[in-house]
Amino acid sequence: MKVIYVDDEPMQIKNFCLTTEGMKRIDNLETFETGQDALEWVKEHSIDVAFLDIEMPGTNGMEAAKI
């Protein structure tokens, strides 16, 4: 699976990475601190699953999910 994780808190990103480390079904994990960065990346790459923080400055998770 190709997974993205978006959160404006670096410690949450680190926690997610540690939690998913070693999960054999995750082939590729990309992390982003802004919704806008994630959206730009997704324009060029396909994903299977997106984990999005709901409350973030700028493009929040709900806005990003609509696109």
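- A chain of hydrophobic side-chain contacts below 4.5 Å, direct or via other Ile, Leu, Val, Met, Phe, Trp or Tyr residues, connects I47 to L52.
- Every salt bridge (charged side-chain N to carboxylate O under 4.0 Å, His left out) that K43 has, sequence neighbours left out, goes to E40.
- Scanning all heavy atoms of the two residues, the minimum distance from W41 to H45 falls at O-ND1, 2.8 Å.
- For the pairing with V3, the side-chain contact (heavy atoms from CB on, under 4.5 Å) check across N28, T31, D27, V49 returns one residue only, V49.
- Not a single side-chain hydrogen bond (donor to acceptor under 3.5 Å, both in side chains) links D48 to another residue, sequence neighbours left out.
- Under a hydrophobic-cluster definition in which Ile, Leu, Val, Met, Phe, Trp and Tyr are linked whenever side-chain heavy atoms come within less than 4.5 Å, directly or via other members, L29 and V6 are assigned to different clusters.
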Residues 9-23 side chain polar contacts: donor-acceptor under 3.5 Å, at least two apart:
unit_1, atom_1, unit_2, atom_2, d
T19, OG1, N15, O, 2.8
T20, OG1, F16, O, 2.9
T20, OG1, C17, O, 3.4

